[in-house]
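The next block holds one structure in the form of structure tokens; read it before the comments.
When a ligand or atom number is given, it counts from 1 through the structure's own listing order. Note: hydrogens, waters and symmetry copies are ignored here, and every other heavy atom, side chains too, is used.
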Amino acid sequence: MRVLVIGSGAREHALLLGLRKDPGVDYLAVAPGNAGTATVAEQFDVDVTSADDVTALAVRLRVDLVVIGPEVPLALGVGDAVRATGIACFGPSKDAARIEGSKAFAKDVMAAAGVRTAASQTVDSPAHLDAALDRFGPAVGQAAWVVKDDGLAAGKGVVVTADRDAARAHAATLLDSGHPVLLESFLDGPEVSLFCLVDGAAVVPLVAAQDFKRVADGDTGPNTGGMGAYAPLPWLPESVRAEMVRELVEPVAAELVRRGCPFTGLLYAGLAMTSDGPAVVEFNCRFGDPETQAVLALLESPLGALLYATATGTLAEAAPLQWHDGYAVTVVLAAENYPGRPRFGDVITGSEADSVLHAGTARREDGAVVSCGGRVLSVVGTGADLPAARAAAYRVMSAIRLPGGHFRTDIGLAAAEGRITY
Ligand code: GLY
């Protein structure tokens, strides 16, 4: 099978490494990729938001499958354009991708599907902002205000704060730039990222993971696209994971079928384990980063065959998934000043190991690998237990040098110490 992966993050690097292990995959291409993916796949410089450019490349390379990593091309309909050429595509249609691209659409689908989620209100005018703030957060006894960009914001459109002025300022900035704002009730409890392969009504869950969204240790500092992850979750009973699939994911997949926009690809349920039971924080329409790097490190089943089965509507016939025993931990190395305006162009050394997955990296003419993104790379460690997986990840990280680079030191620590219960 010949496969083209679209994207340039550590998630795509992890997908490529997984695909390379599948004996059924004999050709790999990536666009646009980064300094790390260039060592795994033939690399092409393509505008991933251009349906014409992506489909032209897929046709020229005579690939059997296109895997679209990021949400933006999916929300723009690049998956539909690929399918229109007759090439199988892993990734939902533009209509189904609204489950991530429009929070208002996602809330409507969840309400129709009877899925537990935070109460919310969309605000599209500054005139309605103060009254809406009075209906959420500490104003009504909750821990914080949750203020979100209604559209795509790479994880950085969310502010969770107990400071009304900060909540108001974030909402006002979004409204000023023409973005509707979603105010939500705060869901307490540990968060879970549950990735599911979905083709129409068929749902196959992967092992659950946990993401670390704040930039600094102890869950402090601003939100990011994700600073680390671990999988599976030793504190989450299998029966609860099965219940989450049955009560939160399958009804949404069925509702999307009922609306005439069946989902094909990876449906990412971001959940909070509240005292009233699991509830949906958000759905995403693609693999999440950095959880994917940990989850795929544990997958034993051939990845190419699974993605192809999902893309071609034969997922229900696929063999049960096989997993390696043990745990995996991802730690993200970010550039100086991320998630603010990161500094680019710093030389990275020590990033050659197979367990280093590149994101914002590029190769300079003189051969040096330099930073060119906020999240620069991630390292993945595996081990028989969580402490061993953590130790493996941090050992790899300790060999990497990036001026001004920073990473969290507590990824998976609370779980490893048995401090998370449900
Ligand atoms: N892990 C957060 C995201 O992928 O959006």
Should you measure from each heavy atom of Asp211, which atoms of ligand 1 turn up under 4.0 Å away? 1 (N), 2 (C)

Pull out every atom of ligand 1 sitting under 4.0 Å from any heavy atom of Arg286, numbered as shown with elements. 3 (C), 4 (O), 5 (O)

Contact atoms of ligand 1, heavy-atom distance to Tyr268 under 4.0 Å: 1 (N), 2 (C), 3 (C), 4 (O)

Between Val54 and Leu4, the two heavy atoms sitting closest are O-CD2, 4.5 Å

Under a 3.5 Å cutoff, is there a donor and acceptor pairing between the side chains of Glu291 and Ser193? yes

Salt-bridge criterion met for Arg246 and Glu243 (N-O under 4.0 Å): no

Just distances here: any N/O of Asp289 and N/O of ligand 1 closer than 3.5 Å? yes

Under-4.0 Å heavy-atom contact with ligand 1, by part of Glu100 that carries it: neither

Between Trp235 and Tyr422, how do the two ring planes meet: parallel, tilted or perpendicular, split at 30° and 60°? perpendicular

Numbered atoms and elements of ligand 1 in range of Glu291, under 4.0 angstrom, heavy atoms: 1 (N)

Which of the numbered atoms in ligand 1 are under 4.0 angstrom from any heavy atom belonging to Gly288? 4 (O)

Is NZ or CZ of Arg98 both nearer than 6.0 Å to the six-membered ring centre of Phe105 and within 45° of the ring axis? yes

Distance-only polar pair, side chains of Thr409 and Asp217, donor-acceptor under 3.5 Å: yes

